Amino acid sequence: MIRTVESQPSASAPVLAAYSYCETVTGQQARNFAYGIRLLPTPKRRAMSALYAFSRRVDDIGDGPLADDVKVARLEDTRALLTRIREGAVEEDDTDPVAVALAHAAAHFPIPLGGLDELIDGVQMDLRGETYETWDDLKVYCRCVAGAIGRLSLGVFGTEPGARGVERASEYADTLGLALQLTNILRDVREDAGNGRTYLPADDLAKFGCSAGFAGPTPPEGSDFAGLVHFEVRRARALFAEGYRLLPMLDRRSGACVAAMAGIYRRLLDRIERDPEAVLRGRVSLPGREKAYVAVRGLSGLDTRHAARRTVGRRA
């Protein structure tokens, strides 16, 4: 069972300033996740913002304009920083606010920091230009860049004492990360193609006549692009359904956070399913009012209750 400290961790002025920096980064750049993070109590919200800020740094290195050899060096520097955090070698007066905040969070929550090593591994896969023949191949990448984030987040959330099936909580958190990442891949298929990246499995692309790629705002000639999208949407929905079994294992506000973040992506999936070619014309997104509604729904516990009923029904 994963538990967390529910009381407010003591924090010095430098640590509070470091958390404030991370929360600013999260608020400005985590367009979807910020809606969920706001629902958490202060200690967990701060810890999640530290995780996000470190993860964002890794992603920005991979997606930035630097030469690949410089990116590789920066990623190794970031991995070395993570080692210092793991070893407790980051002082509160360190000049790197992300390191200070993450070190404090890791000292107060059982965060499996190895997940951030996996994230770095995933970004290095991008730099090598790896492609994926099958869904099993793609899952390896998704587990690095998203499944690991689910497991890291679970270290902050903790699980409720006496929750049924809690020994599988980490597995469900990982699966929910895969669902979110597959949704991201569908949403960003045109943008990724423009950056020379292809994530969807080659087997799936060939099956639906899409091996030529997505260089323009229309599908490859003669392809069944809608069929491809609907196939991947069904896969993502199955992952969401499995991952949602985590919700009844969390306390109310942690469950609300997860339900809000996942709910936003499920609604993105709905939009993509209704108009598959929209992802070739531009980025599909939700208006702020709809994200706020999903957050309120998550706080109501409705998704958690539904997930609990489905879990009980499967056992019956």
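Treat the numbers as computed from the prediction; the structure is a model and nothing was measured.
- Within the 4.5 Å cutoff, side-chain heavy atoms of Tyr293 are placed close to those of Arg267.
- Tyr199 and Asp126 share a side-chain donor-acceptor pair at under 3.5 Å.
- Atom CZ of residue Arg253 and atom CG of residue Leu40 lie 7.0 Å apart, to the nearest 0.5 angstrom.
- Salt bridge Arg143/Glu118: absent, no basic N to carboxylate O contact under 4.0 Å.
- Annotation: Phe240 is not in aromatic contact with Tyr265 [ring centroid separation under 6.0 Å not met].
- Not one N or O on the side chain of Asn195 forms a donor-acceptor pair closer than 3.5 Å with the backbone of Arg197.
- Side-chain N or O atoms of Arg46 include none that pairs as donor or acceptor with a backbone N or O of Ala105 at under 3.5 Å.
- Two residues are said to be in side-chain contact when any heavy atoms from C-beta on lie closer than 4.5 Å; Leu176 and Leu239 fail this criterion.
- The side-chain heavy atoms of Asp117 and Arg86, taken from C-beta on, include a pair separated by under 4.5 Å.
- A donor-acceptor pair is defined here as one N or O able to donate and one able to accept, closer than 3.5 Å; such a pair exists between the side chain of Thr24 and the backbone of Ser20.
- Side-chain contact between Glu160 and Met249 is absent, with no heavy-atom pair separated by less than 4.5 Å.
- The CG atom of Leu113 sits 12.0 Å away from the CG atom of Leu119 when rounded to the nearest 0.5 Å.
- Residues Ser12 and Glu92 have side chains that bring a donor and an acceptor to within less than 3.5 angstrom of each other.
- Rounded to the nearest 0.5 angstrom, Gln181 CD and Asp188 CG are separated by 8.5 Å.
- A salt bridge is defined here as a Lys NZ or Arg NE, NH1 or NH2 lying under 4.0 Å from an Asp or Glu carboxylate O, and Arg74 with Asp77 fails to meet this definition.
- Separation of atoms CZ (Arg271) and CZ (Arg187) is listed at 13.0 Å; rounding is to 0.5 Å.
- Look at Glu242 and Arg168 and you find a salt bridge, because one of the NZ, NE, NH1 or NH2 atoms lies within 4.0 Å of a carboxylate O, short of that distance.
- Within 6.0 Å of atom CZ in Arg289, 12 or fewer heavy atoms from other residues, nucleotides or ligands are found, so the atom counts as exposed in its surroundings.
- Listed by first then second residue, pairs satisfying side-chain hydrogen bond (donor to acceptor under 3.5 Å, both in side chains) with a partner in residues 212-232 read Glu232-Arg235, not counting sequence neighbours.
- Residues Leu81 and Val70 are members of separate hydrophobic clusters, defined by side-chain heavy-atom contacts under 4.5 angstrom among Ile, Leu, Val, Met, Phe, Trp and Tyr.
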| query | Checking side-chain contact (heavy atoms from CB on, under 4.5 Å) for the pair Lys71/Glu76: CA distance, chi angles, key distance, verdict? | reply | CA-CA 9 Å; Lys71 290 181 179 182; Glu76 288 308 318; over 6 Å; no
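- In this structure, Lys44 forms no cation-pi arrangement with Phe157, as its terminal cationic atom is not both closer than 6.0 Å to the ring centre and no more than 45° off the ring axis.
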| said: For a salt bridge (charged side-chain N to carboxylate O under 4.0 Å, His left out) check, start with the C-alpha distance between Asp136 and Lys139, then their side-chain angles and the critical distance, and finish with the verdict. | reply: CA-CA 5 Å; Asp136 284 341; Lys139 278 196 294 188; 3.3 Å; yes
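- The structure places CG of Asp137 at 11.0 Å from SG of Cys142, a figure rounded to the nearest 0.5 Å.
- Gln124 and Arg79 are linked by a side-chain donor-acceptor pair at a separation below 3.5 angstrom, with hydrogens and angles left out of the test.
- Atoms CG and CZ, on Leu154 and Arg151 in that order, are 10.0 Å from each other to the nearest 0.5 Å.
- Tyr244 carries Arg266 over the face of its six-membered ring, with the cationic atom under 6.0 Å from the centre and within 45° of the normal.
- Of the possible donor and acceptor atoms, none in the side chain of Ser254 sits under 3.5 Å from a partner among the backbone N and O of Leu250.
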| field | Check against side-chain contact (heavy atoms from CB on, under 4.5 Å), Arg237 and Leu269 | value | CA-CA 8 Å; Arg237 289 197 193 285; Leu269 208 57; 3.9 Å; yes
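- Ring to ring, Tyr141 and Tyr132 are close: their centroids are under 6.0 angstrom apart.
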| Full working for side-chain contact (heavy atoms from CB on, under 4.5 Å) between Asp96 and Val90 | CA-CA 9 Å; Asp96 185 338; Val90 174; over 6 Å; no
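- Between Leu116 and Ser55 the shortest side-chain heavy-atom distance falls below 4.5 Å.
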